[in-house]
**Student:** 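My structure is below; once you've seen it, I'll send some questions.
Order of the sequence lines fixes the chain letters, A, B, ..., with proteins taken first and strands second; residue numbering starts at 1 for each chain. From a predicted model like this one, the values you see are computed outputs, not experimental measurements.
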Protein chains: 2
Amino acid sequence: MALIGRNAAGKTAQLDDVSKKIIEQLQADGRRSYAEIGKAVGLSEAAVRQRVQKLTDAGVMQVVAVTDPMQLGFYRQAMIGIRATGDTRVLAEQLSAIPAVDYVVLTAGSFDLLVEVVCEDDDELITLLNSQIRSLDGVSSTETFVYLKLHKQFYNWGTR
Amino acid sequence: MALIGRNAAGKTAQLDDVSKKIIEQLQADGRRSYAEIGKAVGLSEAAVRQRVQKLTDAGVMQVVAVTDPMQLGFYRQAMIGIRATGDTRVLAEQLSAIPAVDYVVLTAGSFDLLVEVVCEDDDELITLLNSQIRSLDGVSSTETFVYLKLHKQFYNWGTR
DNA sequence: AGTGAAACGACCGTAGA
DNA sequence: TCTACGGTCGTTTCACT
């Protein structure tokens, strides 16, 4: 077992090849049965279940539904770069609370934060920017990158 | 039933409140049983199963495992803004083929593309930038935003 | 950490409203 | 598009290694 990570509590997380294969199976299809995964990785159903439980509890992995915004009527997505003063963590907290915001990251570089937003249309994006983001205390300036086409999104972090 | 989206084939996708609730259930836990979801939304197990099948087939939703890069030994993430000449779609295709790249989007604004990368450390990031990204034909300049802290990532697009 | 077995519950196909 | 139902398969618990 190779040491691979460190979890939220600071404890080391270990991942052997079998666990990686299990994650790969669930990345391909999150509803695949433990029995089927067991056959694929050479483990009993109970053993697979135990490992999935552990990986989930440790926060290494989670099985969730992800949706396509475009197909749900959200035709306008954008990444917004934010230059800020003051504590960016406070700002990140406030930005996370906005429903249209689905991604917040503190960065080093010419932006202090990057936030991704999902809107129904341009009107909503404009309102969002003016009334909910630029109006926040500590936001110095913003730069908006409207999505023309989401080319590819992978969920296979870590097992590449 | 409200008209909500349009799928890859150009056909309209319709989503009523029940389907939205089903998606919410699976966003909370992708392995929740159809029977349990049925109880929560007031539908039979078979009906839930049918709807999940349809939503999945239409590409509206998919149930997958998502992992935490940090816990898998990828301690360095970054968003890279790219200014380019030529066909950005070709570039997007090439960028998608790089294993460390997990997100590619064509944008309007001062960048033509935004790509998110997942690396083990700074060395890998530097190599990636120089040998795999900036060396691509059509890349004029790049700007890197190193992630200090991924504050929040939501998978609840569309049902907010 | 892993297996195996038995009881239970989930899943799937099909029929019918 | 939904419910109802029966056969099959997956999951759970537990005793054991």
Side-chain angles (χ1 to χ4, degrees), chain A residues 1-7 9 11-68 71-73 158-159, chain B residues 1-7 9 11-65 67 71-73 158-159:
Chain A
M1 278 205 197
L3 175 68
I4 292 247
R6 202 168 286 276
N7 70 16
K11 290 187 185 142
T12 53
Q14 300 191 332
L15 264 216
D16 58 12
D17 288 345
V18 176
S19 287
K20 279 193 184 180
K21 280 185 193 168
I22 291 173
I23 293 175
E24 277 166 23
Q25 292 281 322
L26 290 170
Q27 281 172 335
D29 178 7
R31 291 226 129 226
R32 196 161 287 174
S33 75
Y34 297 132
E36 197 179 345
I37 295 169
K39 277 179 215 160
V41 306
L43 225 60
S44 72
E45 178 275 331
V48 173
R49 190 155 35 83
Q50 263 175 266
R51 280 175 178 252
V52 170
Q53 189 67 50
K54 270 198 154 183
L55 289 167
T56 306
D57 289 347
V60 172
M61 182 202 80
Q62 64 183 129
V63 177
V64 292
V66 295
T67 54
D68 178 357
Q71 291 212 36
L72 293 167
T159 54
Chain B
M1 279 203 197
L3 175 69
I4 292 249
R6 201 168 286 278
N7 70 14
K11 291 187 186 141
T12 52
Q14 298 190 334
L15 264 215
D16 58 11
D17 288 346
V18 176
S19 286
K20 280 192 182 177
K21 279 185 194 166
I22 291 173
I23 293 175
E24 277 167 22
Q25 291 281 323
L26 289 170
Q27 281 172 336
D29 178 6
R31 290 199 71 88
R32 196 161 289 173
S33 76
Y34 297 133
E36 197 180 344
I37 295 169
K39 276 179 215 159
V41 306
L43 225 58
S44 72
E45 177 271 331
V48 173
R49 189 156 35 86
Q50 275 175 279
R51 289 172 92 120
V52 169
Q53 189 66 51
K54 271 198 151 184
L55 290 167
T56 306
D57 289 346
V60 172
M61 180 201 83
Q62 63 183 131
V63 177
V64 293
T67 53
Q71 291 210 36
L72 293 168
T159 53

**Student:** Counting neighbours of CG on A:D57 that are heavy atoms of other residues, nucleotides or ligands and sit closer than 6.0 Å, is the number greater than 12?
**Tutor:** yes
**Student:** Answer yes or no: is there a side-chain heavy-atom contact under 4.5 Å between B:R31 and A:L26?
**Tutor:**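 Heavy-atom side-chain distance check passes, below 4.5 Å.
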**Student:** With nearest nucleotide decided by heavy atoms, which residue, B:A35 or A:Q50, maps closer to the 5′ end of DNA chain C?
**Tutor:** A:Q50
**Student:** Strictly distance-based, threshold 3.5 Å: is any side-chain N or O of A:R32 a donor or acceptor partner for the main-chain N or O of A:Q27?
**Tutor:**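 It does not hold such a pair.
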**Student:** Does B:V41 offer a backbone N or O that forms a donor-acceptor pair with the side chain of B:Q25 under 3.5 Å?
**Tutor:** no
**Student:** Mind checking whether B:Q62 and A:D68 have side chains closer than 4.5 Å, heavy atoms only?
**Tutor:**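 Sidechains of A:D68 and B:Q62: no contact.
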**Student:** For B:V18 and B:R31, take the nucleotide of DNA chain D holding the closest heavy atom to each; which residue's nucleotide lies nearer the 5' end?
**Tutor:** B:V18
**Student:** Quick check: do B:R51 and B:D16 have side-chain heavy atoms less than 4.5 Å from each other?
**Tutor:** yes
**Student:** Any salt bridge between A:R49 and A:E45, counting N to O under 4.0 Å?
**Tutor:** yes
**Student:** Rounded to the nearest angstrom, tell me the gap between atom NZ in B:K39 and atom C1' in D:dT3.
**Tutor:**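 Rounded to the whole Å, the gap is 16 Å.
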**Student:** Which part of the nucleic acid, if any, lies within reach of B:R32 when heavy atoms closer than 4.0 Å are counted: base, sugar-phosphate only, or nothing?
**Tutor:** nothing
**Student:** Over its full length, what angle do the end axes of the helix from C:dT3-D:dA15 to C:dA17-D:dT1 make, each axis taken from five pairs and the result rounded to 10 degrees?
**Tutor:** 30°
**Student:** Roughly, in whole Å, what's the span from CD1 in A:I37 to P in D:dC9?
**Tutor:**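 Rounding to the nearest Å, CD1 of A:I37 and P of D:dC9 are 18 Å apart.
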**Student:** Just call it for B:E36: base, sugar-phosphate, or nothing, with non-hydrogen atoms closer than 4.0 Å on any strand.
**Tutor:**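 B:E36: no heavy atom of the nucleic acid under 4.0 Å.
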**Student:** Please tabulate, one pair per line, each protein N/O and nucleotide N/O from nucleotides 12-17 of chain D that are separated by under 3.5 Å, including the distance.
**Tutor:**
unit_1, atom_1, unit_2, atom_2, d
D:dT12, OP2, A:R49, NE, 3.4

**Student:** Which value, rounded to the nearest 0.5 Å, describes the distance between B:E36 atom CD and B:K39 atom NZ?
**Tutor:**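 Answer for the CD-NZ pair, B:E36 versus B:K39, is 6.5 Å.
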**Student:** Between B:V52 and B:I22, is any pair of side-chain heavy atoms under 4.5 Å apart?
**Tutor:** yes
**Student:** Can you give the first and last nucleotides of DNA chain C, 5' to 3', that have an atom under 4.0 Å from a heavy atom of chain B?
**Tutor:**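 First-to-last contact on DNA chain C, by the 4.0 Å heavy-atom rule, is C:dA10 to C:dG13.
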**Student:** Does the side chain of B:M61 reach to within under 4.5 Å of the side chain of A:V66, using non-hydrogen atoms?
**Tutor:** no
**Student:** Roughly how far, to the nearest 0.5 Å, is the CD1 atom of A:I23 from the CG atom of A:L15?
**Tutor:**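 Reported to 0.5 Å precision, the distance equals 5.0 Å.
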